[in-house]
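Below: one structure, written as structure tokens.
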Amino acid sequence: MTDSTGQDIAHALGLLLRRSTRARLYVRLTEGLGEAVDDLTYPVLSGLARTGPRSAADLGREIGLDRTTVTRRADRLEQAGLLERRPDPADGRATLLALTDDGHAVVAATRRRLTDAVDASLSGWPPADARNFARLLRRFVDEGPFADGED
């Protein structure tokens, strides 16, 4: 079997998308940000930052967790003052999870850490190569097999 560009990319994506790869990254991003912020609660914070207020069920679909797991993790984050529960204006019986100002600050810190880690990993690359990689990766995400037409 000959290697193809598609196989090379699929293999690299497989490594990036592994749960263990994500967990290691989340541990690095959340280190020292408080007891409630860890590799388990990070996806809840990050998902809310990306989507805005959501029900636990809707957020769970967005981040790949069931509603019960999201609710348990949200409880920890709420106790730490990083998210709050609000009534859903569209359905008085429902509750939305929303980041507090402190929650937004924690997400901003993790995003800075991620940006710094990416910048450090590309520091040995010629600047034109790094810019080209960023442009092509964005295009692949927008147009490739993971594109869903939403943003």
> Between T5 and D8, do the side chains contain an N or O donor and an N or O acceptor separated by less than 3.5 Å?
Replying inline: no
>> Any side-chain to backbone donor/acceptor pair from T21 onto L16? Under 3.5 Å, distance only.
In response: no
> Same hydrophobic cluster for L82 and L33, using side-chain heavy-atom links shorter than 4.5 Å among ILVMFWY?
Replying inline: yes
> Under the salt bridge (charged side-chain N to carboxylate O under 4.0 Å, His left out) criterion, do R54 and E62 qualify, and how do the steps go?
Replying inline: CA-CA 10 Å; R54 296 277 182 184; E62 172 73 20; 5.5 Å; no
>> Taking L65's backbone N and O only, do any of them form a donor-acceptor pair with T69's side chain (distance below 3.5 Å, no angle check)?
In response: no
> Hey, any chance L25 and L137 share a hydrophobic cluster, counting ILVMFWY side chains that come within less than 4.5 Å of each other, even indirectly?
Replying inline: yes
> Does one hydrophobic cluster hold both L17 and I9, with members joined at side-chain heavy-atom distances below 4.5 Å?
Replying inline: yes
>> For R61, is there an ion pair with D58 - N to carboxylate O distance below 4.0 angstrom?
In response: yes
> Taking all atoms of both residues into account, what is the closest heavy-atom pair of R113 and T30, and its distance?
Replying inline: NH1-C, 3.7 Å
> Quick one: does R76's side chain have a donor or acceptor within less than 3.5 Å of a partner on E35's backbone?
Replying inline: yes
>> Would the distance check show the side chain of T115 and the main-chain N or O of R111 forming a donor-acceptor pair, the cut-off being under 3.5 Å?
In response: yes
> R85 pairs by side chain to side chain donor-acceptor pair (under 3.5 Å) with which of T71, T95, D75?
Replying inline: D75
>> If hydrophobic clusters are built from ILVMFWY residues whose side chains come within less than 4.5 Å, do V44 and L114 share one?
In response: no
> Below 4.0 angstrom, N of the basic side chain to O of the carboxylate: do R112 and D116 qualify?
Replying inline: no
>> For the backbone of A120 and the side chain of S123, can you confirm whether one donor and one acceptor N or O come within less than 3.5 Å of each other?
In response: yes
>> Quick check on the hydrophobic clustering: are L40 and L45 connected, directly or via other members, by side-chain heavy-atom contacts under 4.5 Å?
In response: no
>> L99 vs V106, test: side chain to side chain contact (heavy atoms under 4.5 Å, CB included). Steps then yes/no.
In response: CA-CA 10 Å; L99 292 179; V106 165; over 6 Å; no
>> Check whether R135 reaches the backbone of A130 with its side chain - one donor and one acceptor, N or O, closer than 3.5 Å.
In response: no
>> Show, in sequence, the C-alpha distance, side-chain angles and deciding distance for F140 and L13, and conclude whether the side chain to side chain contact (heavy atoms under 4.5 Å, CB included) test is met.
In response: CA-CA 12 Å; F140 181 75; L13 287 173; 3.8 Å; yes
>> L97 vs V70, test: side chain to side chain contact (heavy atoms under 4.5 Å, CB included). Steps then yes/no.
In response: CA-CA 10 Å; L97 304 173; V70 170; 3.8 Å; yes
